[in-house]
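Notes follow once the structure below has been shown.
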Amino acid sequence: MAVTENRTLPSEVLDEHLALLANDQRRAIVEILAEENRSHQVRLLAGWTAAEERGVPLDALPEEAVERMEVKLHHVHLPKLDEAGIVEYDAEENRVAPGAEMATARRLVESLRSARRN
């Protein structure tokens, strides 16, 4: 079992989180929301995620790239992260916020990034 701060993370939860975070876009979502630490409109998160993925500033993105990412977030990434408790996704309000498992997910993302460098 992995240890996170003052609690032990059961191996099945660790496996679930690692599987979710194997995706570059979901890792970017975790990094963005963990840094901001507040609720955001999905559209803005889509722009930030697409910009991060392309390595360009938000204002340099074509509108269609933001729209495509917004659809991906809505239909794929946010429901999965919400189910794991990493984010709180309100599809009706079109908002997403860090969830109860965000701190754990952020530490895993940081560990994955560090492992890739080595």
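Between the CD1 atom of Ile29 and the NE2 atom of His40 there is a distance of 12.5 Å, given to the nearest 0.5 Å. Atom CG of Leu33 sits about 10.0 Å away from atom CZ of Arg38, to the nearest 0.5 Å. In this structure, CD in Glu35 is found 6.0 Å from CZ in Arg106, a value given to the nearest 0.5 Å. Rounding to the nearest 0.5 angstrom, the gap separating the CD atom in Glu53 from the CG atom in Leu61 is 9.5 Å. The OH atom of Tyr89 lies 5.5 Å from the CG atom of Leu78; values are rounded to the nearest 0.5 Å. Note that CG of Leu21 is 10.0 Å distant from CD of Glu16, once rounded to the nearest 0.5 Å.
Side-chain heavy atoms closer than 4.5 Å link hydrophobic residues (I, L, V, M, F, W, Y) into clusters, and following such links, even through other members, never connects Val71 to Val96. In the hydrophobic clustering of this structure, Leu44 does not group with Val76; members are Ile, Leu, Val, Met, Phe, Trp, Tyr whose side-chain heavy atoms approach within less than 4.5 Å, directly or through other members. Using a 4.5 Å cut-off between side-chain heavy atoms of Ile, Leu, Val, Met, Phe, Trp and Tyr, with links allowed through other members, Val56 and Leu45 fall into the same hydrophobic cluster.
Here the options are Arg107, His17, Met102, Gln25, the test is side chain to side chain contact (heavy atoms under 4.5 Å, CB included), and the partner is Val30; only Met102 passes.
The shortest heavy-atom contact between Arg95 and Ser39 is NE-OG, 2.8 Å. The two residues Pro57 and Ala51 have their closest heavy-atom pair at C-CB, 4.2 Å.
By the 4.5 Å heavy-atom criterion applied to side chains, Thr104 and Val13 are not counted as neighbours. No side-chain heavy atom of Glu93 sits under 4.5 Å from any side-chain heavy atom of Val42. Contact annotation: the side chain of Trp48 approaches that of Leu58 to within less than 4.5 Å [non-hydrogen atoms, C-beta and beyond].
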Could you walk me through whether His77 and Lys72 satisfy the side chain to side chain contact (heavy atoms under 4.5 Å, CB included) test, starting with their C-alpha distance in whole Å, then the side-chain angles of each, then the deciding distance to 0.1 Å, before giving a yes or no? CA-CA 6 Å; His77 301 309; Lys72 280 182 174 179; 4.2 Å; yes

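Remark: Arg54 engages no residue in a side-chain hydrogen bond (donor to acceptor under 3.5 Å, both in side chains) (not counting sequence neighbours). Looking at residues two or more places apart in sequence or on another chain, you find a side-chain hydrogen bond (donor to acceptor under 3.5 Å, both in side chains) between Asp24 and Arg27. Qualifying side-chain hydrogen bond (donor to acceptor under 3.5 Å, both in side chains) partners for Glu88, counting only residues two or more places apart in sequence or in other chains: none.
Crowding of Glu110 atom CD: a count of heavy atoms from other residues, nucleotides or ligands under 6.0 Å exceeding 12.
Arg26 contributes a side-chain N or O that, together with a main-chain N or O of Leu20, makes up a donor-acceptor pair within less than 3.5 Å.
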